[in-house]
J.: 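Take a look at the following structure, please.
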Amino acid sequence: MSVSAKGLADISASRPVTADDPVRIASISKLVVAIGVMRLVEQGRLDLDADVSRWLGWRLRNPAFPDAPISLRLLLSHRSSLTDRVDYVLPLDADMRAVLADPKAWDAGHAPGSWWAYTNFNFPVIAAVMERATGERFDRLMDRLVLAPMKLDACYNWASCKPGIAARAVVQYRGRVAAKDDNHGAAPACPVTPARDGGCSLAAWRPGINGAIFSPQGGLRISARGLARIGRMFLGEGRLDGARILRPASVRILETPLWTWDGHNGDVGGDISVAVPSAGATCGYGLAVMFTATGAPGCRDDPFGDGRRRLGHSGDAYGLKSGLWIDRAAGTGVAYFATDVPDVPGKRSAYTPTEESLAHPE
């Protein structure tokens, strides 16, 4: 495994970045959540196709389609009909059920399963289901199911990280201004989004009341080396360094495309003149797994520029761009992140020039 790192993790401290420094990896967090879900499915504690209401303890429905149940398979693949038109970054004391009672949280024009729309709010719901199924706090559950077995010094938000890890956080910049995780060499005063009164005690946590507390949609802090270990697990058909993390059948389920853009079956984004979702960057999706080089109409979803089919996930938040891409046929993979990345179009894809360079250095 070849590893390289350059630049600064913290500009103010002139601290160089290393391959072992944790960074908020953004939406690659979703793929890691899916690994945790599949472990619970293997244990018989979750079912990908059952109505998640059975675990939540209340009826989760799109008000416009009250008879259509919503499953983990639909949530993981962004086909639940939830939207991000309401804020999914909830305060510590929020009641997620009350937030989802707002009709604005839902797509009234498309029934669950009939439409693809990338929606962060799917993952707080998934986290709540996992908590209700196990009685465990999401960050601790993910540590037990995934992070510890894979020997990853990682955590969702900062509450369950080992002492000293937050001190090495990669500060995320946007225009050279700190946008996230400027921890000043120490653990943050509050490891999650504070309550509405500013409080930060996790003592009041109850399973499934607020699945957004630990940012399952984007809050995983992990190093580049740790990200590469996740890729190695996929290449190992669920095995990593001799340890069985997932059954091969579970890996195949994760890697099965459930949606591919056909010109009219997904969200086209904010500009109705755009003919493909995400400006053509995302044109194939499975269970929290993205696919590149789909060949779908109008898509520019190949940051590598070689036409080879890859699977994994990208990340984009607070000036950071990240990627974990696996070439199953070649048995290779690439993991990367960069901070303070300008949002400008690339030469060969809908990804930025920085991502194109990191995906396939010239």
Side-chain angles (χ1 to χ4, degrees), residues 25-56 60 62 68-84 88 96 100 105-107 110-134 138 141-142 145-146 156 208 211-212 214-220 230 233-234 238 245-247 249-261 265-267 277-278 282-291 311-315 324 326:
I25 208 62
S27 286
I28 299 175
S29 306
K30 297 177 173 71
L31 183 151
V32 183
V33 170
I35 297 171
V37 169
M38 292 308 301
R39 294 212 69 187
L40 293 175
V41 169
E42 290 182 354
Q43 296 169 14
R45 305 183 79 172
L46 289 177
D47 182 331
L48 287 175
D49 296 307
D51 183 348
V52 296
S53 302
R54 66 183 273 193
W55 292 285
L56 291 172
L60 180 70
N62 182 331
I70 296 169
S71 67
L72 283 168
R73 195 183 299 273
L74 294 179
L75 290 161
L76 285 162
S77 61
H78 297 290
R79 297 178 299 140
S80 68
S81 76
L82 270 170
T83 76
D84 283 337
Y88 57 87
M96 194 177 72
L100 294 177
W106 299 91
D107 179 352
H110 299 96
S114 69
W115 188 256
W116 185 87
Y118 193 87
T119 301
N120 285 287
F121 216 149
N122 286 316
F123 283 78
V125 176
I126 294 166
V129 170
M130 295 172 74
E131 288 186 345
R132 292 282 291 175
T134 63
F138 173 78
L141 176 63
M142 285 299 299
L145 290 175
V146 180
Y156 278 82
F214 300 100
S215 301
Q217 75 284 348
L220 178 65
I230 294 170
M233 186 276 292
F234 274 90
I245 307 301
L246 288 176
R247 298 169 186 165
S250 296
V251 175
R252 287 193 292 273
I253 289 170
L254 289 174
E255 295 182 359
T256 299
L258 297 175
W259 168 83
T260 302
W261 172 246
N265 62 345
D267 190 349
S278 305
T282 305
C283 293
Y285 211 88
L287 293 183
V289 173
M290 295 170 61
F291 301 90
L311 61 95
H313 215 289
S314 64
L324 173 61
I326 297 154

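This chain uses plain numbering: 1 for the first residue, then up along the sequence.
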J.: Is Asn62 reaching over with its side chain to a backbone N or O of Asp107, donor-acceptor style, under 3.5 angstrom?
T.: yes

J.: For the residue pair His78 and Trp116, does the interplanar ring angle fall in the parallel (under 30°), tilted (30 to 60°) or perpendicular (over 60°) class?
T.: perpendicular

J.: Nearest 0.5 Å, please: how far is OG1 in Thr83 from CG in Asp267?
T.: 9.5 Å

J.: Would the distance check show the side chain of Arg247 and the main-chain N or O of Gly238 forming a donor-acceptor pair, the cut-off being under 3.5 Å?
T.: no

J.: Please answer whether the main-chain N or O of Asp49 pairs with a side-chain N or O of Ser71 as donor and acceptor at a distance below 3.5 Å.
T.: no

J.: Would you name the heavy atoms of Leu287 and Leu48 that are closest together and state the gap between them?
T.: CD1-CD1, 3.9 Å

J.: In Å and rounded to the nearest 0.5 Å, what is the CG to CD1 distance from Leu246 to Ile35?
T.: 6.0 Å

J.: Is there a donor-acceptor contact under 3.5 Å linking the side chains of Arg79 and Ser77?
T.: yes

J.: Test side-chain contact (heavy atoms from CB on, under 4.5 Å) on Trp55 and Leu46; report intermediate values, then the result.
T.: CA-CA 9 Å; Trp55 292 285; Leu46 289 177; 3.8 Å; yes

J.: Let me see the working for Val129 and Leu56 under side-chain contact (heavy atoms from CB on, under 4.5 Å), right down to the final yes or no.
T.: CA-CA 6 Å; Val129 170; Leu56 291 172; 3.8 Å; yes

J.: Are the side chain of Asp84 and the backbone of Asn120 linked by a donor-acceptor contact shorter than 3.5 Å?
T.: yes

J.: Within this structure, what is the CD1-CG distance for the pair Ile25 and Leu324, rounded to the nearest 0.5 Å?
T.: 9.0 Å

J.: Quick one: CD1 on Ile245 to CE on Met38, what's the gap to the nearest 0.5 Å?
T.: 14.0 Å

J.: Report the C-alpha separation of Tyr285 and His313 in whole Å, then their side-chain angles, then the decisive distance to 0.1 Å, and conclude whether the side-chain contact (heavy atoms from CB on, under 4.5 Å) test is met.
T.: CA-CA 9 Å; Tyr285 211 88; His313 215 289; 2.7 Å; yes

J.: Would a distance-only check, ignoring hydrogens and angles, find a side-chain to backbone donor-acceptor pair under 3.5 Å from Asn265 to Thr260?
T.: yes

J.: Set out, in order, the CA-CA distance, both residues' side-chain angles and the distance that settles side-chain contact (heavy atoms from CB on, under 4.5 Å) for Leu82 and Trp106, then state yes or no.
T.: CA-CA 5 Å; Leu82 270 170; Trp106 299 91; 3.7 Å; yes

J.: If we ignore hydrogens and angles and just use 3.5 Å, is the side chain of Ser53 paired with the main-chain N or O of Leu60 as donor and acceptor?
T.: yes

